[in-house]
Structures are given as structure tokens and as C-alpha cells.
Amino acid sequence: MKLIELKNIDRYFTLGNNKIYALKNINLTIEKGDFVAIIGQSGSGKSTLMNILGCLDAPSSGSYKIDGVEVANMDSDAKAELRCRTFGFVFQRYNLLSALSAFENIALPCVYYGLNSKTRNEKTKKLLSGLGLEDRSENRPNELSGGQQQRVSIARALINGGEIILADEPTGALDSKSGERVMEIIKDLHEKSHTIILVTHDKNIASHANRIVELKDGEIVSDTKKSDAASDIKRTKPAKKSGGFNYLMYQFFESFKMSLKAIKTHKMRSLLTMLGIIIGIASVVSVVALGNGSKDKIMSDMNSIVGANTVIILRGQGFGDKEAAKVKTLKVSDAKTLSRLDFVDSVSPNIMSEGLIVYKNKSVIAGLSGVSAEFLDVNNKKLQMGRKFSASEVESAAAVVIIDHNTQEKLFGGKNSIGEIIIFKKQLLKIIGVIAKEDNSFGPPETNLEIYIPYTTAMYKILGNHDLSSISVKISKDINSHLAEENLIKVLTALHGKKDFFTLNSDSILNMVENIADTLTLLISSIAVIALVVGGIGVMNIMLVSVTERTKEIGIRMAVGAKRKNILQQFLTEAVLLCLIGGAAGVLLAVGLSFAFNSFVSEFKMILSLDAVFIALFFSMFIGILFGYMPARSASNLNPIDALARE
Ligand SMILES: Nc1ncnc2c1ncn2[C@@H]1O[C@H](COP(=O)(O)OP(=O)(O)OP(=O)(O)O)[C@@H](O)[C@H]1O
Ligand SMILES: [Mg+2]
């Protein structure tokens with residue numbers, strides 16, 4: 001039964017304009033169960049022929065059929081499948097993966113076959129003990145002798161059946177005793193009905209075969225049969241493999257394990273690869289945390305100044321309106337009308353002035369505001385000591401005053417000022433309260449002094465006019481301040497007959513500030529994202545180098561049956577894993593940073609958000625895929641024979 005059929009096979013290499021023929025017009029048929037030795041001098045084309053037989057290399061012309069199927073019509077996956085299930089390679093230089101143990105090297109083809117780990121382990125153990133290697137299973141190739149390594153590679157060739165064993169100078173690198181042992185194993189395999197194709201330049205070794213094909217300068221010069229191929233060949237049945245989703249998960253899990261191993265084997269390189277991602281993610285996460293923290297601080301400060309849900313009504317058409325002071329329509333009666341609206345919580349009319357305050361022999365310039373009893377509530381101010389105005393004091397234009405913290409400091413220092421008398425524009429005023437220092441970064445500077453008296457006192461006893469500078473309206477809780485603002489405008493416009501005032505809504509101000517803070521955070525974050533992208537490019541760079549460095553490994557994996565997508569998956573998994581580990585380390589770094597920041601800096605806190613952490617991890621995975629894809633693809637696109645030939 002014809003297993004392998006070569007017709008008019010040529011294989012040439014082009015060097016410049018020259019064609020160098022490694023194989024010329026090869027016609028060869030190999031039966032099932034045959035033991036063929038290919039002999040010839042160095043350079044006669046033995047390895048080239050072997051590589052074509054094993055689907056590692058393709059002929060330049062001619063037809064190669066295996067089991068009656070034309071190999072030239074197969075895609076790379078089908079050829080990988082053949083290498084995985086039908087062929088078993090034994091190389092002169094063993095070609096074991098140095099990072100894997102003997103056990104793992106032997107089991108590798110099963111991974112690409114898709115055998116579950118139980119069957120895989122059983123088979124591997126059986127082969128190990130069958131070849132006298134049971135006590136060497138955990139050793140790496142460099143801890144094994146040449147003979148042992150060659151036995152490991154034979155076991156690897158057999159694990160998926162190894163119906164056709166392709167051995168290229170299997171004893172070439174061994175001493176005569178180990179060589180004999182290997183030849184015995186190969187003969188034994190032949191007896192167990194494997195088809196053997198063996199390349200050698202040693203006539204002694206060739207004499208074990210029952211057919212000897214001699215090559216010279218790429219051509220077959222003799223083909224002698226000692227005996228016919230064993231006829232009663234039973235095809236080894238391929239083991240059942242798991243299918244569908246399970247197979248996918250299995251492949252993923254295996255490439256995950258291999259990637260972890262690769263990362264562990266090259267610790268320093270992996271760390272350097274990750275460094276960019278670590279720094280990128282750490283900076284993004286901590287910048288966002290800084291942004292959140294400062295925004296929080298700004299918002300709470302703003303809240304304490306403007307007070308939530310407050311609308312301030314001012315004269316004129318806007319800030320900077322020079323005519324504003326001439327508007328005389330804003331009256332106490334307006335404030336009273338507004339205070340009766342059901343969506344209004346409290347109202348404070350304001351009348352402003354400025355002048356000299358005298359206390360004993362000291363005098364300072366201060367701003368004066370005439371306000372209502374509710375002004376503390378409306379403006380979110382707290383008392384440090386003393387009390388508010390009573391309604392009757394406002395009613396009767398009493399000569400009482402509440403001073404701010406700065407004035408207290410300036411005029412009285414640490415002394416209790418309640419009950420003391422100060423003079424403003426010849427009017428004696430009795431201090432009944434002191435406003436607490438405002439704990440925010442927007443608070444008035446220390447040179448800014450403010451005192452507050454009932455607006456009635458200001459109108460009737462000090463200023464002698466009845467024009468308000470503004471009205472502060474606190475809107476009831478749970479009422480939309482913008483709707484309330486619209487209504488206030490309507491009511492007041494109706495009262496005045498025209499709109500000679502403008503309004504400030506604290507919520508609009510807060511919104512605006514929040515927007516600014518958000519924009520700033522976004523801006524700085526995008527700078528940090530650049531760091532992340534640079535990190536990603538670093539990953540790509542090192543992955544590309546690593547592909548070049550690991551070309552041989554890729555070649556070996558392909559020779560034992562890895563498909564392009566297996567290689568792609570492995571390198572991609574590796575890149576994603578690197579980025580994810582880097583991302584996680586970056587997040588940890590940011591957590592550490594914010595912890596340190598929060599314990600040393602008191603102005604504001606870094607607030608880490610879980611969202612940012614998840615987005616960062618997701619993003620690092622994305623970077624892994626984005627920047628890992630190109631190296632992974634270039635790895636998977638390697639030609640098996642070119643990859644294998646690389647040292
Ligand atoms: N990639 C290549 N590019 C150019 N020439 C090549 C290439 N590979 C092989 N050759 C040439 O093809 C010829 C056959 O090489 P091959 O490796 O098959 O010889 P061999 O019989 O295996 O020799 P050895 O016994 O030394 O291993 C040689 O002349 C070699 O220089
Ligand atoms: Mg060779």
C-alpha cells in the first residue's frame with residue numbers, strides 16, 4: 001500500500017540569478033511499514049528531502065502525495081495536522097525546548113493535538129518508562145545526556161502515534177553506545193509497524209533498514225530493497241480529541257500556562273517589558289485619583305461659599321454693567337414678595353457699603369452688608385460665637401452687628417468681642433456674633449474684613465437710602481433651582497415692569513466649576529495615556545525581539561504540530577498576560593502612591609476610583625492585544641523550515 005508518493009520532485013534555492021538544485025527529479029514511493037534509509041554524502045540533499053517528506057518544506061515543483069492526497073493542495077493547518085498526528089520527527093540535534101522539562105517536551109505534541117491532560121500524562125509516563133527515562137522526567141534538556149535527549153525526542157515523536165518516523169541523522173551527535181541504543185529503539189518501532197524513514201551517511205546504520213536509497217547531488221542514484229515492507233499493517237487509530245468549545249478552552253488554558261512559563265523563564269526581560277505599562281497605568285490611575293480628589297475639594301469649597309440651591313439677584317444686565325448702580329428698583333418689598341413664594345426657603349436683601357470701623361484706638365477699613373435675619377442660612381455661614389439677629393432687631397433697625405473672623409482677629413485678637421461696641425460712620429454698633437473662619441481655599445483673604453448689620457439699620461441709620469444691591473434667595477430643598485430661577489425672574493420682571501436685574505444660580509456656578517475640573521482631569525489623563533501608549537509600543541518592541549530570539553522554538557513547535565493559530569494565540573496570550581500583570585502592578589503602585597500622598601499631604605486627598613482601576617486593567621489588556629498582535633502574527637507566519645533552521 002503506497003503511503004508516500006513523490007513524482008518529479010525538484011527543490012532549488014535561488015541565490016541571485018542562480019538556481020541551486022538541492023533535489024532534482026526525485027521519484028520515490030514508500031510503502032506502509034517500510035524502513036527506508038536515505039544515504040549520501042554531505043550536501044547531497046538528504047535533509048532537504050526529509051523536510052519535504054515531513055511537510056516542513058515545500059518542493060519547487062513536482063507532486064507529493066501522502067495517502068493519495070496531494071500535499072500541495074493542503075493549507076498550512078492541514079500540514080500542521082499531518083505533522084502533529086502522522087509524522088514524528090527525530091532530529092540530529094534533538095531540537096527539544098530548553099525551557100521545558102523532559103516530560104513537558106514529550107507531552108507538547110498532545111497539546112496541539114488537543115488531548116486532555118489525563119490521557120496526555122498517562123501516555124507520557126508510559127513512553128518515559130518504555131525508553132528508560134522515568135527518573136529524568138523533570139529534568140530540562142541541558143540536564144540530560146545526548147542519548148537521553150534523543151530518547152526524549154523519540155518519545156515526543158511517538159506520543160501522537162508517530163505513524164511515520166522521520167529521523168534525520170538520529171545518531172549523528174551520539175557516541176556509539178548511545179547510538180546503538182537509539183537504533184535498537186528505532187528497529188523496535190519498525191517491528192511495531194511504524195514506517196521509518198531514516199537519513200544517515202553511515203553505511204552501518206543504513207544496513208538496519210530493509211531499503212536503502214542513495215542520493216548524489218540531489219538525485220537518486222540507487223534504490224536497493226533487502227526485503228519487502230511488512231504487509232499486515234494496522235493503522236494506529238488516532239486518539240479521540242475533545243471538540244468544540246472545550247477544545248478552545250483547552251488550547252487557551254495551555255497557551256496561558258506556556259505563556260506564564262515563558263514570562264517566568266525570562267524574568268528580567270518580562271519586567272522591563274512591563275515597566276512601560278506599569279508606569280503608564282500607575283500614572284493614569286493616580287492622575288485620575290488626583291483629579292477626583294482635587295475636584296472633590298473644589299466642589300466642597302465652592303459649596304461652602306455659594307451654598308447649594310441659592311439664586312442671587314443683582315442690579316443691571318450683568319457684571320461690569322456701569323449703569324447697575326443707577327438702578328433703584330430693587331427694593332425690600334421685592335424681597336418680601338419673593339419670600340412669600342412657595343418654592344423659596346428664605347430670602348436675604350443685601351445692601352452694601354464700605355468704610356472705617358473704629359474700636360477704641362484702633363481703626364480698620366471694612367465692607368458692610370445690610371442683611372436680613374436669614375442671611376447666615378442663605379449664605380451658608382456659621383457662627384463661631386454669639387447669636388444671629390432676631391426678627392425684632394431687623395424690624396426695629398437695632399444697632400447690632402455680626403463681625404467676621406478676620407475683623408475679630410484684627411480688632412480683638414483672641415479676646416471675646418461679644419458685647420463690645422464698634423463705630424461705623426458715626427453709628428455705634430454692638431457686637432452680638434462672630435462668624436466662624438471659613439475652611440476653604442476660596443475663603444476671603446485675611447485682609448478682607450466684613451461686618452453684617454440688619455438691612456433696616458443700614459438703610460435708616462447709616463446710608464440713608466433704600467436701594468438694595470442684591471437679594472439672595474435660598475430655594476427650598478428638592479426644588480430644581482433652574483426652574484425656581486426662571487420663576488423668580490418672571491415674578492420680579494412683572495413687579496418692575498422690565499428686566500433690570502440679572503441672576504446668578506449657585507448650581508450653574510457649581511456646574512461650571514465641575515466642568516472645568518472634569519476638563520482638567522481629562523486633559524492631564526490624556527497626557528498620562530500617552531505614557532501608556534509608549535508603554536504599549538515598548539511591549540511590541542520587546543515582543544518582536546522575542547519572536548526573533550525564539551524563532552527556533554517556534555520552528556520546533558511547528559514541527560511537532562503547532563498550527564499558525566496556536567503560535568498566534570500563544571504570543572498574543574503572552575503579550576496580554578504581560579500587559580495585564582503590568583497593569584495590575586501599575587494599579588498597586590498607584591494605590592501605594594495615593595496611600596503615601598494621603599498620609600503626607602493634607603490639602604486634599606487622592607481618591608482612587610474602582611472604575612478607573614477596571615478601565616486601566618481593561619485598557620492594558622487592550623494594549624496587549626493591540627501591540628501584541630503584530631509580533632504574534634509575524635511569529636505565526638514564519639515558515640516552519642526557516643524557523644527550524646535558525647540557531
Ligand atoms: N536554505 C538553503 N539555501 C540555499 N541552499 C541550501 C539551503 N538549504 C540547503 N541548501 C543546499 O542544498 C544542498 C543539500 O542540502 P542538505 O542539507 O539537504 O544536505 P544533506 O544531504 O542533508 O547534507 P548533510 O549530510 O551535511 O546534512 C546543499 O548543497 C545545500 O547547500
Ligand atoms: Mg542534513
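Order of listing sets the numbers, starting from 1, for every ligand and every atom in it.
- Between the side chain of Asn116 and the backbone N or O of Lys118 there is at least one donor-acceptor pair closer than 3.5 Å.
- Contact annotation: Gly40 has no heavy atom less than 4.0 Å from any atom of ligand 1.
- Within the protein, the N, O or S atoms sitting under 2.8 Å from the Mg ion (ligand 2) are Ser47 OG.
- Checked for salt-bridge contact, Lys79 and Asp75 miss the test: no charged N lies under 4.0 Å from a carboxylate O.
- The closest protein non-hydrogen atom to atom 26 (O) of ligand 1 is Ser42 OG, 2.5 Å.
- Applying the salt bridge (Lys or Arg N to Asp or Glu O under 4.0 Å) test to residues at least two apart or on different chains, none of the pairs has a partner in residues 125-145.
- Listed by chain and residue number, Glu254 satisfy the salt bridge (Lys or Arg N to Asp or Glu O under 4.0 Å) test with Arg120 (two or more places apart in sequence, or in another chain).
- Polar contact with ligand 1: absent for Leu15 (N/O pair, distance under 3.5 Å).
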Check residues 95-108 and write down every donor-acceptor pair under 3.5 Å in which the side-chain atom is one partner and the other belongs to a residue at least two apart or another chain.
residue: Asn95; atom: OD1; partner: Lys552; partner atom: NZ; Å: 3.3
residue: Ser101; atom: OG; partner: Glu104; partner atom: N; Å: 3.2
residue: Ser101; atom: OG; partner: Glu104; partner atom: OE1; Å: 3.2
residue: Glu104; atom: OE1; partner: Ser101; partner atom: N; Å: 2.9
residue: Glu104; atom: OE1; partner: Lys261; partner atom: NZ; Å: 3.2
residue: Glu104; atom: OE2; partner: Lys261; partner atom: NZ; Å: 2.9
residue: Asn105; atom: OD1; partner: Leu97; partner atom: N; Å: 2.8
residue: Asn105; atom: ND2; partner: Leu97; partner atom: O; Å: 3.0
residue: Asn105; atom: ND2; partner: Leu100; partner atom: O; Å: 3.2
residue: Asn105; atom: ND2; partner: Ser101; partner atom: O; Å: 3.3

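- The closest donor-acceptor contact from the side chain of Arg151 to the backbone of Leu131 lies under 3.5 Å.
- Of the protein's heavy atoms, Phe13 CE1, 3.5 Å lies nearest to atom 10 (N) of ligand 1.
- Scanning Ala22, Gly43, Ala645 for the heavy atom closest to atom 20 (P) of ligand 1 points to Gly43.
- Closer than 4.0 Å to atom 30 (C) of ligand 1 lies none of the heavy atoms of the protein.
- Formation of a donor-acceptor pair under 3.5 Å by the Arg11 side chain with backbone atoms of Lys24 is not found in this model.
- Looking at Lys187 and Glu184, no side-chain N of the basic residue comes within less than 4.0 Å of a carboxylate O on the acidic one, giving no salt bridge.
- At least one donor-acceptor pair under 3.5 Å links the side chain of Ser145 to the backbone N or O of Gln148.
- With hydrogens and angles disregarded, a donor-acceptor distance shorter than 3.5 Å links the side chain of Asn566 to the backbone of Lys563.
- Close contacts between ligand 1 and Ser47 involve ligand atoms 17 (O), 18 (O), 20 (P), 22 (O), 27 (O) [criterion: under 4.0 Å to a heavy atom].
- Of the candidates Arg11, Lys46, Gln41, His201, it is Lys46 that places a heavy atom closest to atom 25 (O) of ligand 1.
- Looking only at protein heavy atoms, the nearest one to atom 16 (P) of ligand 1 is Thr48 OG1, 3.5 Å.
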